[in-house]
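Below is one structure, written out as structure tokens; comments come after it.
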Number of protein chains: 2
Amino acid sequence: MPHAVTLQEVADAAGVSVATASRALSGKNRVAADTVAKVRAVAAELGYRVDPIARALREGSTRIVGMIVPVIGNPYFAQLVDAVEHELHRAGFELLLADSHGELAEESRRLTVFGDRKVDGIVIVPSHRQRSAGALRAVGAEIPLVQIDRSAGVSLADYVGVDNEIGLALALEHVHERGARSLVYVGADDVTSSGVERWNAFDRTVDREAVAVGEPFRGDFSLATGAAAADALVARGELPDAVIAASDLIALGLIGRLREHGVEVPRDLLVTGFDGTELSQVLAPTLTTVVQPIEAVAADAIGFLLSRVAGSTAPVRSSRVAPTLLVGGSTTR
Amino acid sequence: MPHAVTLQEVADAAGVSVATASRALSGKNRVAADTVAKVRAVAAELGYRVDPIARALREGSTRIVGMIVPVIGNPYFAQLVDAVEHELHRAGFELLLADSHGELAEESRRLTVFGDRKVDGIVIVPSHRQRSAGALRAVGAEIPLVQIDRSAGVSLADYVGVDNEIGLALALEHVHERGARSLVYVGADDVTSSGVERWNAFDRTVDREAVAVGEPFRGDFSLATGAAAADALVARGELPDAVIAASDLIALGLIGRLREHGVEVPRDLLVTGFDGTELSQVLAPTLTTVVQPIEAVAADAIGFLLSRVAGSTAPVRSSRVAPTLLVGGSTTR
DNA sequence: CCGCAGAGTGCAATCGATTACGCAAAGCTT
DNA sequence: AAGCTTTGCGTAATCGATTGCACTCTGCGG
């Protein structure tokens, strides 16, 4: 094993002390120009690279950011992780990933580990709208933390997410325009902030549109919920003109299962999704969906986080990114 | 900020030296039973937790494993990451995740960073069947490394993946049984080992089944490839009895786009997928697909890796896990 | 009663980098 | 030319845990 080059070796080879070598490389202290050049040259030749661990011990900073998501298996979160990872790498940070599987205990355990590992910051999609708050507050007091997509309280820590109000309004106006007068909402329960917000947004906005509203169906954001909702809808007998789903997975699960029941979308029923995942745009019918600007959300969140990491003590911020509507086949007949 | 408790503080509180405190907590050295009890009690009371960074510096071991995947956005890889992460946590390791986006340069950059960060091991899905070999060999000489799903040479480092030969045979026999006599393969190009292996497996096995074979369509493993293949198939004019797809995404993209062309699966054409992602089982028609036992693959891979981490110098191993066939609607009329 | 084994601890070095402090030499001022 | 500032660099402390070596003390055989 080629034994990693240490600063000591570079210093020796350059004929200076470790202190000078360190300063020459970091460049932020007064060192003679020739010395800097010399040290840099030697370092390059020897292939020297700082040991991040030694540096972390000394500095108390790891240049690692931890991220916790509820289910990496959900393509939306996968894309979110991708975007976050991209932003972090751009800024020279690594990503430590953990999956809470939606469990509070696991979530708080991972948070603790992140704390012990002295990550510089944490990006979290809280698993519970309220019960995640305790652990978040505790860890957030020590380490910069940003909530993304979901929140456990916007006063708790910086938050970046989509504006669900706008999203639902876009979907509702769209189906209204397409003639839908009776609607059913299929979304997630009140465990997550998105679940609550989207439902509330639907509930409020739908009044404005003055249409008939059927009993909502609420589970989680998964395909399974969509499928179960399809069964329920069919069992009810009378189909609404349109279903507003709170996620693409729900919409896809719904459309798929409806088809098994002989109900075709958009022929018998219009459906809109939420998220704008890649997936929703390739299957037939393509989904009319509220597109979340994932890259923008990730960029904002990492922006917040890194400014905190850099020491900002600005008041807690909360940013809502406006979604757009992508019209696809599921509402076009 | 509650200033993390250090070993020194525990030692002081317990009236012993740091050395003794360390030994008492690690338990593997001779320390009087009372002392051990005392130190443990004090440590618990103070809420002491070792600083993983200090330990890492001293030990040269981080208890972190790095993982590189080509596209986290592909649900198959998302599930793989999930399974790997689960196995690692069980063993007390953290997961540092990186996405190579299928780019060689990025992949090798990430590998270097992992090396610098002194991860204890690396799990990689090599982005290129051959060109990934160099970087892998270099890093693998320093750090335990296991290839998963794809390989850049099974003699290079431990490898765990699915048995593609069996997988394709299962799919082929199945559609043959269902009466398909003319087939077309839609898969990935020769850039990845899975791409090559699945194509070769198809090519060899299809001979045995003695059927008519159309020009294959090869791109990558994505939805887009499936969609493009659908266009191509329709353009050719004559449809085969069945299409064997090399991934679920391909199959889904294909089915979706075919539908837009007015071609229904399974009515006009049978389709099989590969991977057994959750996704493939909820949409209509549900996919007949070769199911990869992802948990088993992950468990094997982490098993290999951790045995290396523990010091095993056994010869390079290569494990092939047998897939199973899940029959769904896409081949059932 | 001496000597030796071995249990139980502590001292101090170590991992590799960063940095406060101090010293020497060079540059400037009057 | 004496006195001061500035520049450049080295010494050593520091981050927190682990561990080789050495020391003390008890117990037991001879």
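Sequence lines set the chain letters: A, B, ... in the order given, protein chains first and strands last, and positions in each chain run from 1. Only a predicted model underlies this, so the values are computations on that prediction, with no experimental measurement involved.
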Does a nitrogen or oxygen in the side chain of A:Thr6 sit under 4.0 Å from OP1 or OP2 of C:dG16?
no
DNA chain C nearest-nucleotide lookup for B:Ala21 and B:Ala54: closer to the 5′ end is B:Ala21
Look at all strands and tell whether A:Thr35 reaches a base, only sugar-phosphate, or nothing, counting heavy atoms closer than 4.0 Å.
sugar-phosphate
Is it the case that atom NE2 in A:His86 sees more than 12 heavy atoms from other parts of the structure closer than 6.0 Å?
no
B:Leu25 atom CG is separated from D:dT18 atom C1', nearest whole Å, by 12 Å
Rounded off to whole Å, could you give me the CG-to-P distance for the B:Asp12 and D:dG16 pair?
13 Å
Whether B:Ser17 contacts C:dG10 is assessed here as follows: a side-chain N or O lying under 4.0 Å from the phosphate OP1 or OP2. Is that the case?
yes
Using whole Å, report how far CD1 of B:Ile53 lies from C1' of C:dT18.
15 Å
Between atom NZ in B:Lys118 and atom C1' in C:dA17, what is the gap in whole Å?
11 Å
Looking at C:dG16, I'd like to know if its phosphate oxygens (OP1 or OP2) sit under 4.0 Å from a side-chain N or O belonging to A:Tyr48.
no
From C:dA12, C:dT18, D:dT18, nucleotide with atom closest to B:Ala19 side chain:
C:dA12
Picking from C:dT18, D:dT18, D:dC9, which would you name as closest to the side chain of A:Thr20?
D:dC9
Residue pair A:Leu57/B:Arg58 against DNA chain D: nearer the 5' end by closest nucleotide is A:Leu57
Could you please name the option among D:dC9, D:dT11, C:dG8 that lies closest to any side-chain atom of A:Ala32?
D:dC9
Under 3.5 Å, is there an N or O donor on one side and an acceptor on the other linking the side chain of B:Arg23 and the base of C:dG10?
yes
Rounding to an integer number of Å, can you tell me how far A:Leu7 CG sits from C:dT19 P?
12 Å
What is the separation between atom CZ on B:Arg30 and atom C1' on D:dT26, rounded to the nearest whole Å?
14 Å
Rounding to an integer number of Å, can you tell me how far B:Asp51 CG sits from D:dT18 P?
10 Å
When you get a sec, tell me which of D:dT18, D:dG10, C:dT9 is the closest nucleotide to the side chain of B:Glu59?
D:dT18
For the residue pair A:Glu9 / A:Tyr48, report whether a side-chain donor-acceptor contact shorter than 3.5 Å exists.
no
Rounded interatomic separation in angstrom, taking CG from B:Asp116 and C1' from C:dA17:
14 Å
Which heavy atom of A:Val125 sits nearest a heavy atom of A:Phe77, and at what distance?
CG1-CE2, 3.7 Å
Does a distance-only test, which skips hydrogens and angles, find a donor-acceptor pair under 3.5 Å between the side chain of B:Arg49 and the base of D:dG16?
no
For a quick check under 3.5 Å, do A:Arg150 and A:His128 share a side-chain donor-acceptor pair by atom type?
no
If you measure only the distance, is there a donor-acceptor pair under 3.5 Å linking the side chains of A:Ser127 and A:Glu107?
yes
